Amino acid sequence: MTMYEIPQRNWNLFASVLQDILATRGLGLGHLDDRAHIHREKVRRLQLSLKIPKSFPVLNIDEMEHVITVFQLNRNEKTRLRAAL
(Lines give C-alpha, C1' and ligand atoms only; values in the text may rest on other atoms or scores of the structure.)
Protein backbone atom coordinates (compact mmCIF):
# COMPACT_ATOMS: atom_id res chain seq x y z
CA MET A 1 0.00 0.00 0.00
CA THR A 2 1.32 3.42 -0.89
CA MET A 3 1.21 6.38 1.46
CA TYR A 4 -1.80 7.84 -0.37
CA GLU A 5 -3.95 4.73 -0.59
CA ILE A 6 -6.93 4.59 1.72
CA PRO A 7 -7.52 1.25 3.45
CA GLN A 8 -10.69 -0.43 2.22
CA ARG A 9 -11.89 -2.12 5.38
CA ASN A 10 -13.07 -1.46 8.90
CA TRP A 11 -14.42 2.01 8.26
CA ASN A 12 -17.03 1.71 10.98
CA LEU A 13 -15.25 1.44 14.34
CA PHE A 14 -18.41 0.28 16.13
CA ALA A 15 -19.03 -2.56 13.65
CA SER A 16 -15.36 -3.51 13.76
CA VAL A 17 -15.28 -3.75 17.57
CA LEU A 18 -18.56 -5.67 17.63
CA GLN A 19 -17.21 -8.03 14.98
CA ASP A 20 -14.04 -8.60 17.05
CA ILE A 21 -16.04 -9.30 20.21
CA LEU A 22 -18.28 -11.78 18.39
CA ALA A 23 -15.24 -13.44 16.80
CA THR A 24 -13.97 -14.40 20.27
CA ARG A 25 -17.12 -16.53 20.49
CA GLY A 26 -16.65 -18.02 17.04
CA LEU A 27 -19.42 -15.82 15.63
CA GLY A 28 -19.72 -12.93 13.20
CA LEU A 29 -21.99 -9.99 12.54
CA GLY A 30 -24.24 -12.29 10.53
CA HIS A 31 -25.27 -14.01 13.75
CA LEU A 32 -26.91 -10.85 15.10
CA ASP A 33 -30.16 -11.41 13.23
CA ASP A 34 -30.88 -15.00 14.23
CA ARG A 35 -29.40 -14.99 17.74
CA ALA A 36 -30.07 -11.44 18.97
CA HIS A 37 -33.02 -10.72 16.64
CA ILE A 38 -31.45 -7.61 15.14
CA HIS A 39 -33.22 -6.76 11.88
CA ARG A 40 -31.51 -8.40 8.92
CA GLU A 41 -31.21 -5.10 7.02
CA LYS A 42 -29.43 -3.44 9.93
CA VAL A 43 -27.01 -6.38 10.10
CA ARG A 44 -26.37 -6.01 6.37
CA ARG A 45 -25.67 -2.27 6.81
CA LEU A 46 -23.26 -3.01 9.68
CA GLN A 47 -21.42 -5.54 7.50
CA LEU A 48 -21.24 -3.14 4.56
CA SER A 49 -20.07 -0.29 6.78
CA LEU A 50 -16.79 -2.13 7.30
CA LYS A 51 -16.03 -1.65 3.61
CA ILE A 52 -17.88 1.52 2.62
CA PRO A 53 -16.52 4.91 3.70
CA LYS A 54 -18.81 7.35 5.48
CA SER A 55 -21.32 4.68 6.48
CA PHE A 56 -21.65 4.42 10.25
CA PRO A 57 -24.74 2.48 11.34
CA VAL A 58 -24.89 1.52 15.02
CA LEU A 59 -27.32 -0.30 17.29
CA ASN A 60 -29.87 1.62 19.31
CA ILE A 61 -29.94 1.37 23.12
CA ASP A 62 -32.43 -1.51 23.21
CA GLU A 63 -30.52 -3.47 20.56
CA MET A 64 -27.23 -2.90 22.42
CA GLU A 65 -28.69 -4.17 25.69
CA HIS A 66 -30.13 -7.19 23.92
CA VAL A 67 -26.77 -8.02 22.30
CA ILE A 68 -25.02 -7.59 25.66
CA THR A 69 -27.48 -9.99 27.28
CA VAL A 70 -27.68 -12.59 24.51
CA PHE A 71 -23.92 -12.83 23.98
CA GLN A 72 -23.13 -12.37 27.69
CA LEU A 73 -20.61 -9.58 27.14
CA ASN A 74 -18.26 -8.99 30.05
CA ARG A 75 -17.49 -5.57 31.51
CA ASN A 76 -14.45 -5.01 29.28
CA GLU A 77 -16.38 -5.93 26.13
CA LYS A 78 -19.30 -3.67 27.08
CA THR A 79 -16.88 -0.80 27.68
CA ARG A 80 -15.12 -1.37 24.33
CA LEU A 81 -18.43 -1.51 22.48
CA ARG A 82 -19.81 1.63 24.12
CA ALA A 83 -16.54 3.49 23.58
CA ALA A 84 -16.67 2.61 19.88
CA LEU A 85 -19.89 4.59 19.57
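Treat the numbers as computed from the prediction; the structure is a model and nothing was measured.
- Residues N12 and S49 share a closest heavy-atom pair of ND2-OG, 2.9 Å.
- The salt bridge (charged side-chain N to carboxylate O under 4.0 Å, His left out) test applied to R25 returns E77, not counting sequence neighbours.
- Within the 4.5 Å cutoff, side-chain heavy atoms of R35 are placed close to those of L27.
- When every heavy atom of F56 is checked against every heavy atom of W11, the shortest pair comes out as CE2-O, 3.4 Å.
- Scored by the side chain to side chain contact (heavy atoms under 4.5 Å, CB included) test, D34 finds H31 as partners (sequence neighbours excluded).
- Put simply, the side chain of T24 does not reach to within 4.5 Å of the side chain of F71, judged on heavy atoms.
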Using atom types as modelled, flag every donor-acceptor pair under 3.5 Å from a side chain in residues 57-67 to any protein atom, sequence neighbours excluded.
unit_1	atom_1	unit_2	atom_2	d
N60	OD1	D62	N	3.0
N60	OD1	E63	N	2.8
E63	OE1	K42	NZ	2.7
E63	OE1	N60	N	2.8
E63	OE2	K42	NZ	3.4
E65	OE2	R82	NH2	2.9
H66	NE2	A36	O	3.3

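- The number of heavy-atom neighbours closer than 6.0 Å to CD of Q72, taken from other residues, nucleotides and ligands shown, is 12 or below.
- Partners of A84 under the side chain to side chain contact (heavy atoms under 4.5 Å, CB included) rule, at least two apart in sequence or in another chain, are L13, F14, V17.
- Residues meeting the side chain to side chain contact (heavy atoms under 4.5 Å, CB included) test with R40, sequence neighbours left out: D33.
- S55 is not listed as a side-chain neighbour of L48, based on a closest heavy-atom distance of 4.5 Å or more.
- With sequence neighbours left out, the side chain to side chain contact (heavy atoms under 4.5 Å, CB included) criterion links T79 to R75.
- The minimum heavy-atom distance between G30 and V43, with the atom names listed, is CA-CG1, 4.0 Å.
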| message | Does L32 form a side chain to side chain contact (heavy atoms under 4.5 Å, CB included) with L22? I'd like the steps, not just the answer. | response | CA-CA 9 Å; L32 290 172; L22 293 174; 4.0 Å; yes
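- The side-chain contact (heavy atoms from CB on, under 4.5 Å) test with R80 singles out one residue from L18, N74, I21, and that residue is I21.
- Note: L46 CG to H39 NE2 = 12.5 Å, rounded to the nearest 0.5 Å.
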